[in-house]
Amino acid sequence: MLVFEAFIFIIIGTFIGITVGALPGLTATSTIALLIPITFYVDTIPAFALLLAIYNAALMAGSYASIIVGVPGTPAATATRLDGYPMALRGKGSEALIIATISSFVGTCVSLIFLFTISEPLARLSLFFNSPEYFSLALLGLVICSGVSGASVVKGLIGAFLGLFLATVGLDPVGGIPRFTFGFFELFEGIPYIPAMIGIFGLGEVLANLSSLSKDNNISITKKPMGRFIFPKWQKIASLLPIMLRGGLIGTFVGMVPGLGGNVAAFLHYGLTKNTSKKENTGFGEGNPKGVAASESANNGVTGGALVPMLAFGIPGDSVTAVLLGALRIAGLQAGYKLFEEHKTTLYMIFSSLGVANLMMLVLGFIFIRAYVKLLNTPKHLLYPLIGILCLVGSISVRGIIFDGVIALLFGLLGWTMLKLKIPRVTLVLGLILGPMLEENFRRSMLISQHSPMIFLEHPISLAFLLASVTVIVLSLKLKSRTPL
Amino acid sequence: MGKTTGPGLFPAFIGIVLLGLGITLLLSKETKEQLTHVWKYANRKPLVRGFPPSVFFSSLCLLYVLVLSHIHFIPLTASVYFAMAVMIAVFTNISNRKVLAISGITALGISIGIYLLFHMVFKVLM
């Protein structure tokens, strides 16, 4: 019965994910955040099956708008536009969409292999971790995210430290003293995480899109024909398989690094494929199917990769897994080796549901490709109010209090500001999540060492993480393509 | 508690670093160039024009949240949705009777749909 329920939720999640991914303005992060309250009413496995199906399908479907109209449906599909859109302009839109779908499928398959094989051994490492190690690991995660997200290290650090500051709102974790609550008892548990995510990613995106609306912006955006629906020859697909497999591998490893996400994986692999395909180099950017295969396989490869650090250490790999971490906590599951020890069956069934969701994405993606493309005609004056209302109602539904709607709106304004200032939002999210872990473990370490900071240097694993943090900051500042500010 | 484990130490440290980073960003060359760019008259128009839809939208969101527990969900949501849709349609120059009619019907449909979806929440709020 549970398996059947999970299967139904996978189908629903895949439909929602493809819809959300295909439409510019909607994000998988805010949609998953909106659906988190479902975890209260549904069993753990079907709930996570739904959320992971949305995640996986949305990453793939971002390519639809990218290819057909040249507007990425999700940030991770930006690289797909480079060759996908030129293919559509030549009337080969359907071929590009099919290659994108198959590449996404292969990318997720590769990342699933890693999810099944290395997440438990990695989680076992956490048995050697004490407070100093957790503090240094959280710091490393934040530093990596700040150093590699966006074009400016200082902006990345601003986002991260702002998140850390906001994480101090609420009761002090050691002494229980209220901090920055201003008398609002609703803030005693800290800033409500899900409404904040919904606001920063959902409402923030809508406000940013509204501020760039122009008077001729609302005409039907699907002007270009998809061309005849022709399935590419299997030999062509087979010739692209090595690229898809490599993309899955790169996506998996990029996904494990906090703050990078599908966008970075896609561009990284696109660049690698372009540089290693010497004979066909001139075709890239002009409608080379290899470009579509390279970017889509990498961006979906992130799916499993981002789950690995989230489950092993409680450090999310990207913004979606940051939200999924919240779902994990609501379900009473704590990340770390204990999760694998006490809930192994549940966990591996969740991994399997991602595999089934991946297959469903392939099947439903092919069957309904033309219908989904028609979704791109949805007028903005009907779409944006819907997103706004859903974000507000979804925020309120988490705890059933109006205050959370105000929080979502405030974070929406914050998200809009960050988008305008080009401060990566994922750094704030990571700061918000890792802040309590950072502070609690720092203060506990100080108590253990009787206020001596040398404890962080005396533990070898902690020292290694701290040295890695310094290295990342120095390297990020030194990279030629990045400005320090 | 000790000097390194007090409740105020962590937020104080983070706040100071944040302030420092903010000042660094404000004084940066990139920010100075952007401020010059923003204040040039030719560029002011699109920037100012970008604000009204976002400001109107956020104001409507705030109003919606503040009166949600005082007015029934369906008429309130439908009204707010319709106001938002009309605002965007007017701003993008596509307002006509057909658009208004479709927006109105969609507003009602979506309000009822969301109400049914979240009815468990609204048993608490109403």
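Sequence lines set the chain letters: A, B, ... in the order given, protein chains first and strands last, and positions in each chain run from 1. In this text the structure is predicted, and so the values were computed from the model without any measurement.
Taking a 6.0 Å sphere around CZ of A/Phe184, one finds it holds 12 or fewer heavy atoms contributed by other residues, nucleotides or ligands. Within 6.0 Å of CD in A/Glu458 there are more than 12 heavy atoms belonging to other residues, nucleotides or ligands.
Remark: A/His381 NE2 to B/Thr92 OG1 distance equals 7.5 Å, nearest 0.5 Å. Summarising the geometry, atom CZ belonging to A/Arg443 is positioned 8.0 Å from atom CG belonging to B/Leu9; distances are rounded to the nearest 0.5 Å. Here B/Phe91 contributes atom CZ and A/Leu210 contributes atom CG; the two are 9.5 Å apart, rounded to the nearest 0.5 Å. Between the CD1 atom in B/Ile14 and the CZ atom in A/Phe165 there is a gap of 9.0 Å [rounded to 0.5 Å].
Contact of B/Ile110 with chain A is made through the side chain alone, with heavy-atom distances under 4.5 Å. For A/Phe403, no part lies under 4.5 angstrom from a heavy atom of chain B. Of the atoms belonging to A/Leu410, not a single heavy atom falls under 4.5 Å from chain B.
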Just list the side-chain donor-acceptor pairs under 3.5 Å for residues 99-106 of chain B, sequence neighbours left out, or say none.
residue, atom, partner, partner atom, Å
B/Ser103, OG, B/Val99, O, 2.7
B/Thr106, OG1, B/Ile102, O, 2.5

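A/Pro385 and B/Ala85 make their closest contact through CG-N, 3.8 Å (heavy atoms, listed as atom of the first residue, atom of the second, distance). Looking at every heavy atom in both residues, A/Ile158 comes nearest to B/Leu18 through O-CD1, 3.6 Å. When all heavy atoms of B/Phe57 and A/Tyr384 are compared, the pair lying nearest together is CZ-O, 3.7 Å. Across all their heavy atoms, A/Trp416 and B/Ser54 have their closest contact at CH2-CB, 3.4 Å. B/Ser58 and A/Leu409 get closest at one heavy-atom pair: O-CD2, 3.8 Å.
A/Asp172 is not listed as a side-chain neighbour of B/Phe10, based on a closest heavy-atom distance of 4.5 Å or more. With contacts defined as side-chain heavy-atom distances shorter than 4.5 Å, the pair A/Lys155/B/Leu25 qualifies.
Each of A/Leu390, A/Leu164, A/Leu157, A/Ile389 has some count of heavy-atom pairs under 4.5 Å with chain B, and the biggest count is that of A/Ile389.
Using a distance-only test at 3.5 Å, with no hydrogens or angles considered, no donor-acceptor pair links the side chain of A/Thr168 to the main chain of B/Pro11. With hydrogens and angles ignored, the 3.5 Å screen pairs a side-chain donor or acceptor of B/Tyr81 with a backbone N or O of A/Leu382.
In this structure A/Ala33 satisfies the side-chain contact (heavy atoms from CB on, under 4.5 Å) test together with A/Ile194, A/Met197, A/Ile198, A/Val323, sequence neighbours excluded.
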